[in-house]
Amino acid sequence: MLIKSLCDYYDMLAKKGKTAPNGYEYVGITHTIFLKENGSIGYIANCREPNEYTDKKGKTKVKYEPKEVLFPKRVSSPKVSSEFIEHRRPYIFGLAFDNGEFHTWELKSGKKQDILKYFRKFKEDNLKFIEGIDSPIVNAYRNFMLNWNPENELNNEHLKAIGKDLKNAKFEFRLAGNVREILQEDEQVKKRWEQRYFSDSNEDSKGAVISQCGIYGQNEKISCTHNAVKGLVGGQSSGCKLVCFNNESDESYGKAQSYNSNVSEKAMRKYTEALGYIVDKNRITIDDMNIIYWSCDKESGEKCEDIFAKFFGKSENDMDSETTEKSIRELIKDAKKGNINFDKISDENLGKINEDSDFYIVGLKPNSSRIAIKFFYKNKFGKLLYNIAKHQSDIQISEDGKLVPLWQIKNTMIPEKSKKTAVDPEIIARIFKAIIDGSKYPEMLLNNMVTRFKLSEDETHYLAQKMRAGVIKACLNRKLKNKEEFKMSLDENNKNAAYLCGRLFAILEKLQQNAASSKLNRTIKDAYFSSASSRPASIFPQILKLSNYHLAKLEDKNKIFYNKLISSIMDDISGEFPKHLKLDDQGKFIIGYYHQNSDLYKSKKEIENNYDEKNEEEI
């Protein structure tokens, strides 16, 4: 299903003119080499293009990105393998930049390795490829290869001007004095390349297999090996393969390599090119998990992709507009009510949305050469959007809450002082599944959030604690089959014992802080929170006794206020604290604590008015 859906996506891209023609690919070029007729370098120009973007502080900045240029399609190979019309630095120059100097070697795994072999391979293959072609740019290209000697170019002024950027630079060749003479666009070069490419593709050479394609169902030439996909975080720079058979133990019925998969050359080319396009355009990265997504809907597919990206913390173009942000917030409110009005998001910013279009989401985790599929989901966009909006609604714990990307949830799962920066991708996959299909969150997420909230020592991480409380609330509510027991803010009608204990702890903590004449180095939260949330019966008698000393230091109206709060909760608890709280109850304790704590930290004016009203009632 995955490969077939990628092939369908390729067909849609081809109709829109967004894919490279057969036999070609787009390469991000950073520099243009202008050659003189004798093959010497006239000059090298930086051709990266400016791209404006808005940073997190709202400031407009400019980032220079490579220019996308159409080149003959590269064939991935782990060996030294030059391309016909080369763009890579080691092959063109045979040089590397290290410690401010150029060398004919580079460090790999701490050892010096000769890179002259790359230039020799480039020279051999490209001279053979352009043999017999006579044009100004090709002749200059030929002269360059014949005259360039890497060992004599260690002080080349043109390369020195590029400096350390040479490591990741990619080049195209043009003719100095006639910039329209571009090597890869030369008609004779293109004709030679296409003759070679299509003759290789259509030739049923010895050992080729003609069989029924598992994707299209027709008898076609089966692909022996599949193209690698580049750009995945966690994978090697030369690319990783989705389908590959390197071990004899994986083979069956006498079929070697990827003949086992029965994917035709045509289907292989389509799905790999579509996957490469999606990885570049529609990807969210969490550690080394690559989450890609797409829609095959011709009319509203791109808009669906933009909305999905917004919910998961990746903004694209018009998705940053204030109108669109407002539309997204309306979705969250609608999801809370159990329904989404698509007319609200079919505006001039988002365009018309087709809620019945199929939407695909895939989690990919590459290693050195292969791609592991962690999850693959397909659903109607309307249903998917409702589930995602419902997730955002569920984890909100204040009325002014903002969208919470998945990567932020991931970050709150890591202790503040830990050097660890990654989370097990299996946990991320399970959380993601719960988000997009509306199911219960994994138990390990609740466990982690409760533990992190209890052990957090840095009070400056208020937003992280707020997010943890929100996730805990969502986990508990979904365990009750979406019956909302815990609301977004303080619920004085909730008589759950654990929730009440959490509220009481927040009141006693605030009482201690108000009674203190200066900022405390250590509060009852620092000393007792973790144990109080798991063993209330053994802790609360102690801190209630301490509260009497704190009450004695307060003004009369504040004494009345705190006495009333404490008494009302003690009445609901009936004077019996739970001996032990299980994981779910510890989560309820935390929600109660957070709700009450937030309520107590309202603006000073609100609190004073609240004091006066409650004092008058008491009198």
Side-chain angles (χ1 to χ4, degrees), residues 56 231-235 279 282-293 308-316 328 332 361-367 371-377 384 387-398 401-458 460-479 583 587 590-591 594:
K56 295 180 178 179
L232 287 167
V233 173
V279 166
N282 296 338
R283 178 183 59 178
I284 298 167
T285 305
I286 300 177
D287 296 334
D288 55 357
M289 169 86 78
N290 298 263
I291 300 173
I292 62 172
Y293 50 92
F308 179 86
K310 180 67 177 179
F311 270 107
F312 281 92
K314 178 185 176 184
S315 300
E316 295 287 348
I328 296 296
I332 297 177
I361 310 168
V362 183
L364 304 176
K365 187 178 184 302
N367 57 23
I371 302 172
I373 301 174
K374 302 304 293 183
F375 55 81
F376 172 53
Y377 300 125
L384 176 68
N387 289 337
I388 297 173
K390 185 68 167 63
H391 155 73
Q392 289 289 344
S393 174
D394 288 346
I395 63 176
Q396 299 298 322
I397 200 162
S398 64
K402 296 182 178 181
L403 293 178
V404 180
L406 184 55
W407 63 265
Q408 286 187 351
I409 295 177
K410 187 273 298 187
N411 286 347
T412 61
M413 297 174 70
I414 302 171
E416 287 92 342
K417 297 181 180 180
S418 174
K419 295 181 180 180
K420 178 182 175 183
T421 58
V423 172
D424 184 354
E426 184 64 28
I427 299 178
I428 299 299
R430 292 187 185 184
I431 296 172
F432 198 84
K433 180 180 185 300
I435 292 173
I436 64 178
D437 64 13
S439 59
K440 292 192 300 183
Y441 296 100
E443 193 75 6
M444 62 184 75
L445 176 62
L446 175 61
N447 191 1
N448 179 284
M449 289 294 171
V450 169
T451 303
R452 294 275 68 78
F453 195 102
K454 289 166 59 176
L455 299 181
S456 180
E457 298 178 357
D458 193 345
T460 61
H461 288 75
Y462 168 75
L463 292 178
Q465 291 292 68
K466 178 181 179 180
M467 196 177 302
R468 289 176 181 131
V471 173
I472 291 170
K473 175 179 76 75
C475 288
L476 293 176
N477 282 341
R478 285 203 180 183
K479 287 183 77 172
L583 178 64
I590 289 172
I591 297 172
Y594 184 87

CG on Asn477 to CD1 on Ile472, rounded to 0.5 Å: 12.0 Å

Could you tell me the separation between the CG atom of Leu406 and the CD1 atom of Ile431, rounded to the nearest 0.5 Å? 6.5 Å

Find out whether Arg452 and Asn448 are in side-chain contact, i.e. whether some heavy atom of one side chain is under 4.5 Å from a heavy atom of the other. yes

State which residues pass salt bridge (Lys or Arg N to Asp or Glu O under 4.0 Å) with Glu426; sequence neighbours excluded, sorted by chain then number. Lys374, Arg430

Nearest heavy-atom pair of Asp437 and Ser439: which atoms, and what distance? OD1-OG, 2.7 Å

Nearest heavy-atom contact between Tyr377 and Ile436 is CD1-CD1, 2.6 Å

When rounded to the nearest 0.5 angstrom, what distance separates CD1 in Ile388 from CZ in Phe432? 6.5 Å

Does any part of the side chain of Val279, heavy atoms only, come nearer than 4.5 Å to the side chain of Asn290, both counted from C-beta? no

Residues forming a salt bridge (Lys or Arg N to Asp or Glu O under 4.0 Å) with Lys410, sequence neighbours excluded: Asp287

Indicate yes or no: at least one non-hydrogen side-chain atom of Met449 is less than 4.5 angstrom from one of Ile590. no

Which pair of non-hydrogen atoms, one from Pro366 and one from Leu232, has the smallest distance, and what is that distance? CG-CB, 3.9 Å

Look at the aromatic rings of Phe308 and Tyr293 and report parallel, tilted or perpendicular, splitting at 30° and 60°. tilted

Kindly say whether Gln396 contributes a backbone atom to a donor-acceptor pair with the side chain of Lys473 at under 3.5 angstrom? yes

How many angstroms lie between NZ in Lys390 and CG in Asn387, if you round to the nearest 0.5 Å? 9.5 Å

Going by heavy atoms in the side chains, are Leu445 and Ile427 under 4.5 Å from each other? no

What heavy-atom pair brings Arg478 and Ala434 nearest, and what distance separates the two atoms? NH1-O, 3.0 Å

Looking only at heavy atoms, what is the nearest atom pair of Ile291 and Ile361, with distance? CG2-CG2, 3.9 Å

For Asp288, enumerate each residue passing the salt bridge (Lys or Arg N to Asp or Glu O under 4.0 Å) test, keeping only those at least two apart in sequence or located in another chain. Lys365

Side-chain heavy atoms of Tyr594 within contact of Arg468, under 4.5 Å: no

Can you confirm whether Asn411 sits close enough to Met467 that some side-chain heavy atom of one is under 4.5 Å from a side-chain heavy atom of the other? no

Where is the tightest heavy-atom contact between Gln465 and Phe453, given as atom of each residue plus distance? NE2-O, 3.3 Å

